Peer 1: 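The following block contains the structure, expressed as structure tokens.
Throughout, protein chains are lettered first and strands after them, A, B, ... in sequence-line order, and every chain is numbered starting at 1. Predicted model, so just to flag it, every value in this text is computed and none were measured.
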2 protein chains.
Amino acid sequence: MSLRHAILTLLATEPGSGYDIVQHFKQSLGYFWNAKHQQVYQELRRLSEDGWLACQLDAQSDKPDRKVYSLTRAGLAELQRWQAEPAAPNKINDALLVKLYGGALAEPDNLVGELERHRLTHADTLTRLQAIEQQYRALSAAEQAQQRLPYLTLRRGILGEQAWLAWADEVLAELKGA
Amino acid sequence: MSLRHAILTLLATEPGSGYDIVQHFKQSLGYFWNAKHQQVYQELRRLSEDGWLACQLDAQSDKPDRKVYSLTRAGLAELQRWQAEPAAPNKINDALLVKLYGGALAEPDNLVGELERHRLTHADTLTRLQAIEQQYRALSAAEQAQQRLPYLTLRRGILGEQAWLAWADEVLAELKGA
DNA sequence: GTCGGCATGTAAGCTGTTACATGATTGA
DNA sequence: TCAATCATGTAACAGCTTACATGCCGAC
């Protein structure tokens, strides 16, 4: 599993609550990591039990209390141990491609509609990621240098979404043309 | 779950054994669906229990016996029902990007090595997919028409791998340059 | 004779999803 | 008043991985 290590990675840069982590996944980082709040809260508990995270209660007057987690020395060591070991190739299970593959048995219009629906969300994601890229480009050279690696992961999102859209256009042209 | 429906999709085109299905996932279809044999055999049993698959024993003299599965009428109906319902956007969990994101805490050389290692396997996959594309292009117009939808999924694999490689080159240039 | 391919499975355990649960504050 | 945001969780279940298990055949 690497959810544990995704969480450690986020908290290594900046301490935060379970809620914060989930927001990261929902917003900027969703193109490379996803998890539901239920899973995140459970992992935070386990990571604390393992001694990799320390927790501090942050009482807020107007909002619910927050549990702010940060890495312990053991947590940082564990993160670095994980970083040093080779990562397995990514597992892909894409239901949309299964549908397209077997689309001869389905309503043709349905397939087109489905692709157009997905196209919209991918186009949205691309716009969102490009907006983040613009923010990065507006930073000073020093700030850019600091954000260099997260920026390179952002580039993966952008290039990935562009490729997805180019493919979808190819497919839609084919499906509508013939 | 869509493993059930991935299996139904494969068997709808052509009846086959669990082993056949696993080979498909290992070879051509791995860029959009993956499953281990243990999971496939279990699903085949469940799909039979649900009445969506029929099974026929194929006794071979030189090789182990095969259980050849094919769709029942109910199985086809279920597949079409699933095809008509909207697909959820794809979930992505990419450990390599997590490593890159938090790479400031790791050995820089390790990161480069890791990326180069992954680069090789992606380049291999691309070569393999392009070979399949060449086979497709060599087919007659009639045969191409029949294979049109699977071919469009193959294009996804090709465009996806090309984008991945373009990104990796960008990243490696950055990491080595600076 | 050992390794890889063919061909099938069971069982235990880990990971991830869905359903259920609470409760305050703020804006429409 | 209704919905959304902030903020946390438990419990049951579904999905997937890892380990274990068998046995024949052909090639090196």
Peer 1: Using the test side-chain hydrogen bond (donor to acceptor under 3.5 Å, both in side chains), find all partners of Gln134(A) that sit at least two apart in sequence or belong to another chain.
Peer 2: none

Peer 1: Detail all sub-3.5 Å separations between protein N/O atoms and N/O atoms belonging to nucleotides 22-26 of chain C.
Peer 2:
none

Peer 1: I need the residues from residues 17-51 of chain A with at least one non-hydrogen atom less than 4.0 Å from DNA chain D; give them sorted by number, or say none.
Peer 2: Ser17(A), Gly18(A), Tyr19(A), His37(A), Gln38(A), Tyr41(A)

Peer 1: Let me know, please, whether Leu3(A) or Lys67(B) comes out on the 5' side of the other along DNA chain C by nearest nucleotide.
Peer 2: Lys67(B)

Peer 1: Looking at CG of Asn34(A) and CG of Leu29(A), how far apart are the two atoms once the value is rounded to the nearest 0.5 Å?
Peer 2: 9.5 Å

Peer 1: Please verify the inter-ring angle class for Trp82(B) with His5(B); under 30° counts as parallel, over 60° as perpendicular, anything in between as tilted.
Peer 2: parallel

Peer 1: So does Ser140(A) get a backbone contact from the side chain of Glu143(A), meaning a donor-acceptor N/O pair under 3.5 Å?
Peer 2: yes

Peer 1: Restricting to ring-ring contact (aromatic ring centres under 6.0 Å, His included), what partner residues turn up for Trp164(A), sequence neighbours left out?
Peer 2: His122(A), Trp167(A)

Peer 1: Atom CZ of Arg4(A) and atom P of dT15(C): how far apart are they, to the nearest Å?
Peer 2: 7 Å

Peer 1: Of the residues in residues 74-94 of chain A, which ones touch DNA chain D at a heavy-atom distance under 4.0 Å?
Peer 2: Lys91(A)

Peer 1: Give every residue pair that meets the ring pair (Phe, Tyr, Trp, His ring centres under 6.0 Å) criterion with at least one member in residues 85-111 of chain B, sequence neighbours excluded.
Peer 2: Phe32(A)-Tyr101(B)

Peer 1: Can you tell me which residue pairs pass the salt bridge (charged side-chain N to carboxylate O under 4.0 Å, His left out) test with a partner in residues 17-35 of chain A, sequence neighbours excluded?
Peer 2: Asp20(A)-Arg66(A)

Peer 1: Sequence neighbours excluded, which residues qualify as side chain to side chain contact (heavy atoms under 4.5 Å, CB included) partners of Leu76(B)?
Peer 2: Leu105(A), Leu71(B), Gln80(B)

Peer 1: To the nearest 10 degrees, what angle separates the axes at the start and end of the helix from dG1(C)-dC28(D) to dA28(C)-dT1(D), five pairs each?
Peer 2: 40°

Peer 1: List the residues meeting salt bridge (charged side-chain N to carboxylate O under 4.0 Å, His left out) with Asp169(A), not counting sequence neighbours, and say none if there are none.
Peer 2: Arg119(A)

Peer 1: Measure the spacing between OG1 of Thr121(B) and CG of Leu126(B) and express it to the nearest 0.5 Å.
Peer 2: 11.5 Å

Peer 1: Quick one: side-chain hydrogen bond (donor to acceptor under 3.5 Å, both in side chains) pairs with a partner in residues 106-115 of chain B, sequence neighbours left out?
Peer 2: Glu114(B)-Arg117(B)

Peer 1: Considering residues at least two apart in sequence or located in another chain, which fulfil the side chain to side chain contact (heavy atoms under 4.5 Å, CB included) criterion with Ala74(B)?
Peer 2: Trp52(B), Thr72(B)

Peer 1: As an exercise, state the distance from CD1 of Ile132(A) to CZ of Arg128(A), rounded to the nearest 0.5 Å.
Peer 2: 6.0 Å

